[in-house]
Amino acid sequence: MPYDPSTIEPRWQHFWERNKTFRTAEDPAKRKYYVLDMFPYPSGAGLHVGHPEGYTASDIVARSKRMQGFAVLHPMGWDAFGLPAENHAIKTGTHPALTTAQNVATFKRQLKSLGFSYDWDREINTTDPEYYRWTQWIFLKLFERGLAYEALAPINWCESCKTGLANEEAVGGVCDRCGGPVVKRNIRQWILKITAYADRLIEDLDGLDWPESVKTMQREWIGRSEGARVIFDVAGSAERFEVFTTRPDTLFGATYCVLAPEHALVEKITSSAQRAEVDRYREETKRKSDLARTELSKEKTGVFTGAYAVNPATGQQVPIWIADYVLASYGTGAIMAVPGHDDRDHAFATRFRLPILEVVKGGSKPVAEEPYSGDGVNVASGFLDGLPSSEAKRCMAHWLETQGKGVRAITYKLRDWVFSRQRYWGEPIPLIHVEGIGVRAVPESELPLRLPEVERYQPTGTGESPLAAIDSWVNIKDPVTGRPAKRETNTMPQWAGSCWYYLRFKDPRNEREAWSQAAERYWGSVDLYVGGVEHAVLHLLYSRFWHKVLFDLGLVSTKEPFQKLVNQGLILGEDGEKMSKSRGNVVNPDDVLKEYGADAFRLYEMFLGPLEAVKPWNTRGLEGPYRFLQRCWRLLHEESRDGDKFLGVSDGPIADPAAARKLHQTIRKVTEDIDKLRMNTAISALMELQGVIADVPAPRPRALVEPFLLLLAPFAPHLAEELWSKIGHGESLAYAQWPVFDPALCTEDSVEYAVQINGKVRARVTVPADAGEDAVRAAGLAAPEVASQLAGKTPKKVIVVKGKLVSIVL
RNA sequence: GCGGGAGUGGCGGAACUGGCAGACGCGCGGGACUUAGGAUCCCGUGGGGCAACCCUUGAGGGUUCAAAUCCCUUCUCCCGCACCA
């Protein structure tokens with residue numbers, strides 16, 4: 001029988017399962033290592049080849065760390081609440097729990113067939129009441145801390161999903177999930193005060209070993225701006241309004257103000273002459289989707305209100321306009337416009353012929369032509385004249401504060417997290433509304449608050465979830481006062497379950513608490529977190545927020561949940577395009593496995609290129625790793641007509657010093673490469689070593705074969721186990737000791753130097769590795785090709801680079 | 001527009017801190033074994049030239065004994081953000 005993954009692989013998968021090889025426990029004698037994959041949403045389509053990329057990388061790390069003596073936590077679970085299962089239920093009437101269970105079974109079978117070393121005893125599912133019980137419990141902690149509040153607020157509403165969305169899910173006015181348009185709608189909401197943690201969410205990024213791009217995305221999403229709020233009085237009225245500006249130094253150049261069309265003051269200050277036009281504009285704005293409103297190319301629009309404000313610095317009256325380029329939801333919903341020094345204000349002022357003043361010197365053109373938004377020196381600014389921008393800012397902020405006309409202020413782009421979904425398939429929010437009293441938490445003893453059975457999953461579209469239709473569930477008595485009460489009928493967003501799953505993995509079967517303190521302490525932060533970059537500002541921001549709240553409550557011992565983050569790059573289709581059903585370029589891992597086996601699949605995905613890079617799939621490329629595995633097989637087998645003959649191994653030392661050297665160099669390289677997640681170059685090194693071992697006559701020395709198999713094991717665990725057992729080991733190699741290299745054995749005893757003359761390689765000389773610089777120089781100059789080129793001339797300069805080359809300059 | 005990343009053989013990709021560009025693999029060419037080969041093994045494989053040699057890391061310039069790597073200019077592609085005052 002030649003190398004046959006279809007018999008080897010299931011055998012070892014059963015072996016691992018039967019023996020619970022990868023079951024993990026806290027072990028005070030060992031150092032811990034927590035390596036986590038972002039758990040998947042178990043969709044109906046099953047795994048595609050993108051999933052196993054990150055999973056394979058983390059599995060290689062987990063397996064090698066185990067062999068290096070770490071207690072390794074490497075779990076897997078299911079992020080199973082969410083819309084697809086619910087939409088399927090609406091169409092077919094199948095309960096989402098049933099669909100979810102089927103999908104989970106498929107995913108699990110596929111993951112097992114890839115030989116991942118998960119501790120399946122720790123499997124969790126966010127839709128399991130024993131899990132969401134604790135999701136609800138954490139929500140109550142937030143509620144108790146005043147971090148959850150109810151509000152009737154204009155929020156992002158997806159027309160096709162018929163649910164409200166968080167800001168993070170509606171980027172660019174488009175629904176993150178379905179791509180449909182998002183409109184503003186006033187809906188009663190539960191909202192989490194993530195903004196209270198904005199500064200810490202920024203500051204603590206500094207200590208994390210994350211891709212710089214993800215940190216930048218989070219910083220920009222939080223969008224901290226320092227500046228001042230400035231009070232403008234409305235001329236001839238007792239009304240006043242505040243604006244937020246990052247450039248208080250330009251206040252002398254504020255020649256008009258703009259309110260967001262939705263601003264409450266608009267109603268009161270609009271003059272009767274302007275009333276009709278203002279009303280028309282506000283109506284128009286309301287109808288515009290966010291998408292249309294943020295359309296960048298559009299010319300700015302706006303309407304004069306007929307009212308004037310008083311510039312607190314100049315005392316002059318400036319017109320108040322409304323325009324949709326000012327957002328109601330940011331800052332104070334009102335701005336002072338400084339057209340001389342702001343691009344947007346400049347465009348607006350030009351269009352509506354509003355005055356443009358220069359108050360900061362530094363631009364290359366007159367401000368009437370081109371705004372200058374950089375720093376400079378103040379002019380035409382009264383007491384600020386002559387001050388550089390940074391000082392002028394400070395000076396003006398101070399002046400505003402002493403005059404009672406403003407205060408220093410910080411504003412964030414980040415909004416509080418809209419946490420309600422008007423859908424069925426999510427965690428019920430464990431709150432009740434008691435008549436005459438208000439909102440009360442469901443007692444912890446009553447958790448989990450189970451999702452009731454419903455007849456119709458159809459979202460109502462009215463802003464109520466399908467739960468609202470179940471009278472028996474909704475209408476209850478307040479357990480404290482006995483008064484009539486109604487249950488909260490909104491459910492939580494899908495992000496809730498994933499906000500803390502990494503904590504539950506530490507103690508997944510705990511029935512008394514979400515996790516024990518001992519388990520939490522032992523496993524600490526996730527040491528390596530592997531997943532897609534698409535969660536950069538969603539899951540990764542939300543779970544950091546929850547984690548910090550839990551930290552403040554003394555429930556977790558670290559400030560941050562994920563110490564090191566790696567984003568695997570997308571695998572494209574063979575056509576170089578993103579894999580998608582509609583393009584028909586989706587590769588199904590089941591098909592690949594059938595033909596080449598899991599080991600070849602794993603090797604191939606890792607060999608493709610750097611983990612983080614986007615790279616195209618090429619099914620033909622699988623031949624390389626597959627052939628490599630066959631060659632590994634043949635290190636111990638001889639092919640013959642009636643099946644392969646096992647060759648065994650020989651005892652005694654490695655006779656060939658070159659082979660020993662290659663072995664130790666490879667141990668070093670593979671160990672380092674796994675550490676840096678450079679799996680592609682590690683595999684290349686293993687291929688080279690295989691070639692060297694193949695040149696040693698059979699039976700090949702155990703001393704050479706064993707370490708090779710151990711190095712191979714994290715990458716191709718099935719074949720490695722098979723061969724390991726064939727050379728006489730009764731136990732799995734999963735905990736065998738990782739090979740250690742001997743630095744002395746890594747060094748060559750002679751080195752080839754390239755000899756360059758004027759930068760061109762003209763000769764090669766081989767010199768003993770311990771030769772000194774002078775000896776190397778002499779050997780280089782003595783090379784016959786060099787002597788003829790020199791033709792008796794004396795070189796101007798000779799440079800010796802140790803171990804590399806001799807450079808002769810004529 | 002702003003921010004980030006990347007351009008290396010026919011293809012995926014290697015190259016430590018500036019030190020022999022093209023590791024490893026795919027593909028391709030030749031050969032061996034074979035009834036057969038789309039299996040396996042061996043040899044070759046950046047381009048040009050009979051050769052000595054010359055050219056080659058998106059393009060152009062520079063620094064250096066030496067540049068894929070550092071500096072300047074420029075082009076292209078990918079990702080993120082996008083009226084946030």
From the candidates B:G3, B:A85, B:C65, the one with an atom nearest any side-chain atom of A:Val809 is B:C65

Whether each nucleotide of nucleotides 27-43 of chain B has a protein heavy atom under 4.0 Å at its base (B), only at its sugar-phosphate (S) or at neither (-) is summarised, 5' to 3', as S------------SS--

Base B:C83 to side chain A:Lys300, donor-acceptor N/O within 3.5 Å cut-off
yes

Can you find a side chain N or O atom of A:Ser225 that sits less than 4.0 Å from OP1 or OP2 on B:A85? yes

query: Between A:Thr332 and A:Arg229, is any side-chain donor less than 3.5 angstrom from a side-chain acceptor?
result: no

Separation of B:A23 atom C1' from A:Arg678 atom CZ, nearest Å, is 13 Å

The Watson-Crick or G-U wobble partner of B:G3, with both key distances under 3.5 Å, is B:C79

Regarding B:G9, purine or pyrimidine glycosidic angle vs 90° from 0 gives syn

Among B:C24, B:A14, B:C54, the one nearest any side-chain atom of A:Pro610 is B:A14

From CG of A:Asn618 across to P of B:G10 the rounded distance in Å is 17 Å

query: Does the separation of the ring centres of A:Phe352 and A:Tyr256 fall below 6.0 angstrom?
result: no

Applying the 3.5 Å cut-off to both distances, the Watson-Crick or G-U partner of B:A39 turns out to be none

Taken to the nearest whole Å, CG/A:Leu608 to P/B:A14 is 10 Å

Value for CD1 (A:Ile222) from CD1 (A:Ile194), rounded to nearest 0.5 Å, stands at 7.5 Å

Atom CD1 of A:Ile757 and atom P of B:A66 are separated, to the nearest Å, by 14 Å

Within residues 241-250 of chain A, those residues having any heavy atom closer than 4.0 Å to RNA chain B are A:Phe244, A:Thr245, A:Thr246

- For atom P, what is the distance between B:A67 and B:G19, given to the nearest Å? 11 Å

query: Without hydrogens or angle criteria, can the side chains of A:Asp345 and A:Tyr325 be said to hold a donor-acceptor pair below 3.5 Å?
result: yes

Paired with A:Tyr596, the ring-ring contact (aromatic ring centres under 6.0 Å, His included) test is passed by just one of A:Phe628, A:Tyr626, A:Tyr3, namely A:Tyr626

Sequence neighbours excluded, the answer for salt bridge (Lys or Arg N to Asp or Glu O under 4.0 Å) partners of A:Arg631 is none

Taking a pair to mean Watson-Crick or G-U wobble geometry with both distances below 3.5 Å, B:C26 pairs with B:G10

Scanning all shown strands, the Watson-Crick or wobble mate of B:A59 with both distances under 3.5 Å is B:U73

Result for 5'-nearest mapping on RNA chain B, choosing between A:Pro625 and A:Gly609, is A:Gly609

What are the atom names and distances for every N/O pair under 3.5 Å that joins the protein to nucleotides 17-21 of chain B?
unit_1, atom_1, unit_2, atom_2, d
B:C20, O2, A:Arg764, NH1, 2.3
B:C20, O2, A:Arg764, NH2, 2.7
B:C20, N3, A:Arg764, NH1, 3.0

### Query
A:Phe232 vs A:Phe241 aromatic rings, parallel, tilted or perpendicular, using cut-offs 30° and 60°?
parallel

Checking N1-N3 plus N6-O4 or O6-N4 for Watson-Crick, or N1-O2 and O6-N3 for wobble, each under 3.5 Å, the partner of B:U34 is none

Separation between CE (A:Met579) and CG (A:Leu572), nearest 0.5 Å, reads 7.5 Å

A:Glu752 meets the salt bridge (Lys or Arg N to Asp or Glu O under 4.0 Å) criterion, sequence neighbours left out, with A:Arg764

Does any donor atom in the side chain of A:Glu574 or A:Thr619 lie under 3.5 Å from an acceptor atom in the other side chain?
yes

Rounded to whole Å, the CG-C1' distance (A:Asn680 to B:C24) equals 9 Å

Hits for salt bridge (Lys or Arg N to Asp or Glu O under 4.0 Å) against A:Asp695, two or more places apart or cross-chain, chain-then-number order -> none

Side-chain atoms of A:Asp324 come closest, of B:G25, B:C83, B:A85, to B:C83

